[in-house]
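Written out below as structure tokens is the structure these notes cover.
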Amino acid sequence: MTDVKMGSLAAAELAKSYEPASVEAHWSRIWEERGCFTANPNSAREPYCLVLPPPNVTGSLHLGHALTATIQDVLIRWKRMLGFEALWVPGMDHAGIATQMVVERELLATDGKSRQDLGREAFTERVWKWKANYGAKIGEQHRRLGASLDWSRERFTLDSGLSLAVREVFVRLYEEGLIYRAQRLIHWDPELLTALSDLEVENEERDGTLWSIAYPVVGSAERLTVATTRPETMLGDSAIAVHPEDSRYRHLIGKTALLPLLEREIPIIGDAELVDPTFGTGVVKVTPAHDHRDYATGQRHGLPMINIFTERAVVNENGGPYAGLDRFEAREKVLSDLEAQGFLVEAKPYRIPLAVSQRSKSPVEPRLSWQWYVRVAPLAEAALAAVHRGDIRFVPEGWTNTFYAWMNNIHDWCISRQLWWGHQIPAWYPVDSQGQVDWTASTFVVAREAPSQGKWIQDTDVLDTWFSSALWPFSALGWPSETEDLKRFYPNALLETGHDIIFYWVARMVMMGIHFMGKPPFPIVYLHAMVRDEKGEKMSKTKGNVIDPLDIIGGAPAKALPPAIRNRYPEGLPPMGADALRLTLAQSTQQGREIRLSIDRVAGSRAFCNKLWNAARFAMMNLHDWKPTGEPVRGGIFDAWITSRLERTVEAVNQSLEGFDFSAATSAAYQFTWGDFCDWYIEVAKSALQGEDADARRAAQSTLVQCLDRTLRLLHPFIPFITEEIWQRLPISKAEETLATSAYPIFLAMNVDAASEAQVAPVLEVVSAIRVIRSESGIHPAERIFAVVHAEDPAMRSALTQQTAVITRLAGLGEFRAIAPESKPRLAASQVLRGAELFVPLSGIVDLSEERNRLQRELDRSRAEWGSLDRKLSNASFVARAPSEIVDRDRERVAELAGRMKKISANLQNISEVPE
RNA sequence: GGGCGGAUAGCUCAGCGGUAGAGCGUCGCCCUUACAAGGCGAGGGUCACAGGUUCAAAUCCUGUUCCGCCCACCA
């Protein structure tokens, strides 16, 4: 099956069920080899460019990536088929802090070494090896998902081109005064030993304790009691603050207090900003070097900054006897000493806010240090203006306000990290004659290359990963070179990503794009929800509920699955195929902020693929003598009907995609394929295909081929592999070598045929009604029964009579007749239809009490509906105020129901008279 | 402390002014030569709760309760 020759008209026998593995491998290879997804910047087509949000090289892709890839691939394939010059740029992110951390952990686990043991050069070399390994894995995963990325343009945020872009941006922003270096209190990760930006800090609440400590006032018997959640920081206290208006303490301002344990005298100050007199005791200890609010207070009052911690958060020499203890040990010791000396007043349970490093999960320590910053206010202003102007639109639009809220209150962005893996900051410091460097001095130069004169050393810090990804929409297209790609594909058509990185990434791309390219990087930001497990829980390794997309696609034995998944699927996962996963993900997009991925639902999608496969298989089995002549074949009513149904589906799918409603698009296509095409049309077509009438047979063949062709095109963006495989086997003349590069169906009004839809409806209704009677009355499917329809309308009678063969076949009848109403059969199951009555005369085959129950249920149902409508219609204000078409419709319905109830009652009466 | 999302059939979700739909699961009957990963039927919901607006509310407004997320330097 994998070796199908492209363009071959030979309809090779299809396997009985769809086997995705070989088909997928085959087509992802062919598509790539043929350059199906390689964009041409010089074509005359309208450009449509997406950049893939570069996944971190830290590991392999999870379902969130699969979702992103699916949504973007649906869009890009759809647009490509619509005739756009579609470009989807793949890439990966070096993910500085995350990658360095995992490689450090691996290094420790395998070699028992730290990065410091290796040294910077050897360590980064090791990270590059890691990147090569995982980068290849990620690329492979994307291919298996069917992502139609242009691999010839693949980029990495740390490749030489992007490094050039990063340096260019850094130098220019510096020259414009938008990048500066400053000594400030930053968030410090004592485990990873680096500064973090505000965004990389997570605020948690934990159960903790609020301790109250007494500080004796010097030269007085008074004691001031302060409350703190971090008693160990008292070692760095520079003052005690009270509210200046607080009558309880006002007299103490200007005096000093004695710091317990260290016995240092510290001033008592009045500060209205720091102190809320109504909270706690109204007294606050001030530790400027270890708390952001205290830092500001220290600045206001010129207090000394006493740093008590080393970079690893171990107490330093300023901590006197506590030096050498880490922060948690120091807390214990300080507390026990305070208690022993009578300074500990109280300890009560308290929910404490705790700032934790996003990566290491270690509590962050505020730390005074020199860092590089981006002055974001001017950039944010331009970005906000662009969104206000409507140059950038968020989908769903609720995110607009989130964006505004953050941008309006944006702080300068700390971009330097004390890491080894990343873009080294292009700043150089002079080395003096002793070989010494003063890192705190402002004698550095910022430049694209090291200065040629004298001895210089480059800043050892690297840039925040998001600094380079902020440039992605243009750097991935070749900037700062004026490439063809850049001219053609910037701005991108749209940005698709998860809402979790709206601040980290989206906001910064908007700012950088506007600043360096003069226009926003994309007009639309589509933000998808987060993928969670079936219980709505976040997928995480520790919970053991992370599903590898490849395990869904290719299947996995139970023992290969993480515990939580294994519990749920003790048999392991069967292979579902990439298409089934994609279809399910596309279907799930409409939800709020989370998507609970249900594997059962993926199985449903797999069943759909199999259904499609078998529909094609059926077609092929009936097409061996079919030759595409190009001549239009005049078909019957059902040919027009299915063509019309398909056309409405084409319209619905395109419209839904236009509005990013992937859920509606997939369900429209699904319902048509399974409900209309497979359940009805194919069943109907069987008579024509197997009958004597050569014209009818040719018509059915023609319709089959055309509907399949169009349906496969329609479905291709969602399920590219199976559609390509089937399409290749279709005996039609093909303008393109692959379906992936073929034209997408667009709505053709001429194909819509309301008349045939109206004629087919009663046929389907009759068939369904007979089936209900059969099933409810326990008539065996093999039993060839007789059914008769009493219809007033001669047109209806003739329409039904013309379809006698179809009705007979689909309802399993021995005989069918449509006649003018006459007296009811004495012994018959019945069903009231629109404008007709159906009877299935019985000769002892029907359980009469069952039939009576069924009719009674029908009657009750109709009566209930009639009752509520009647009540509504007798309400004068409804008739007066509701739109007339609603009132008319309800009146018609009431009349119809009344007639229906009368008939059902009569039928009920009729069979009730029959003795059992 | 602000802001946002969700609450609809046993499960996963559509619908978002004209009194409810799908898939899976359940229950019948069928191996009808495209498909048992199937066919044909059936059953199943006071649309979280309480008010309000409206002729009409799952759908709009207000409040409440749960679940989840984001932002925020109250010791």
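Throughout, protein chains are lettered first and strands after them, A, B, ... in sequence-line order, and every chain is numbered starting at 1.
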Euclidean distance, atom NZ of residue A:Lys686 to atom C1' of B:A34 [Å, nearest integer]:
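Computing the A:Lys686:NZ to B:A34:C1' distance gives 6 Å.
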Looking at A:Arg729 and A:Glu725, is any side-chain nitrogen of the basic one under 4.0 Å from a carboxylate oxygen of the acidic one?
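Counted as a salt bridge, because a side-chain N and a carboxylate O are separated by less than 4.0 Å.
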If the plane angle is over 60° it's perpendicular, under 30° parallel, otherwise tilted; pick one for A:Trp613 and A:Tyr18.
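Taking A:Tyr18 first and then A:Trp613, their aromatic rings sit tilted (interplane angle of 30° to 60°).
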Parallel, tilted or perpendicular for A:His292 and A:His187, by the 30°/60° rule?
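Plane angle between 30° and 60°, so tilted.
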Dot-bracket for RNA chain B: what is it, with Watson-Crick or G-U pairs under 3.5 Å, [ ] where a pair crosses earlier ones, and | for a pair to another strand?
((((((((.[[[[.)..(..]]]].(((((.......))))).....[[[[[..)....]]]]])))))))....
Could you tell me if A:Asp271 and A:Thr297 have a donor-acceptor pair between their side chains, going purely by distance under 3.5 Å?
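A:Thr297 vs A:Asp271: no donor-acceptor pair found between side chains.
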What I want to check is whether the side chains of A:Asp276 and A:His243 have a donor and an acceptor closer together than 3.5 Å.
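Looking only at side-chain atoms, A:His243 and A:Asp276 do not form any donor-acceptor pair under 3.5 Å.
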Would A:Tyr526 and A:Phe662 count as a close aromatic pair, with their ring centres under 6.0 Å?
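For A:Tyr526 and A:Phe662, the ring centres are under 6.0 Å apart.
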Under 6.0 Å between ring centres: does that hold for A:Trp399 and A:Phe403?
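Centroid separation for A:Trp399 and A:Phe403: 6.0 Å or greater.
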Letter per nucleotide, 5' to 3', of nucleotides 20-30 of chain B [B base touched, S only sugar-phosphate touched, - untouched; heavy atoms, 4.0 Å]
---SS---BSS
A:Tyr350 side chain N/O closer than 4.0 Å to the phosphate oxygens (OP1, OP2) of B:A75?
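Checking A:Tyr350 against B:A75: at least one side-chain N or O falls below 4.0 Å of OP1 or OP2.
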Presence of A:Lys872 side-chain N/O under 4.0 Å of B:U19 phosphate oxygens OP1/OP2:
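The answer is no; no side-chain N or O of A:Lys872 sits under 4.0 Å from OP1 or OP2.
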Which one, B:C55, B:G39, B:A34, comes nearest to the side chain of A:Arg881?
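Of all the options, the side chain of A:Arg881 is nearest to B:C55.
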Mark yes when over 12 heavy atoms from residues, nucleotides or ligands other than A:Glu397 sit less than 6.0 Å from its CD; otherwise mark no.
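12 or below, so no.
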Return yes if the base of B:C35 and the side-chain atoms of A:Lys16 contain a donor-acceptor N/O pair under 3.5 Å, otherwise no.
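Side chain to base: no pair present.
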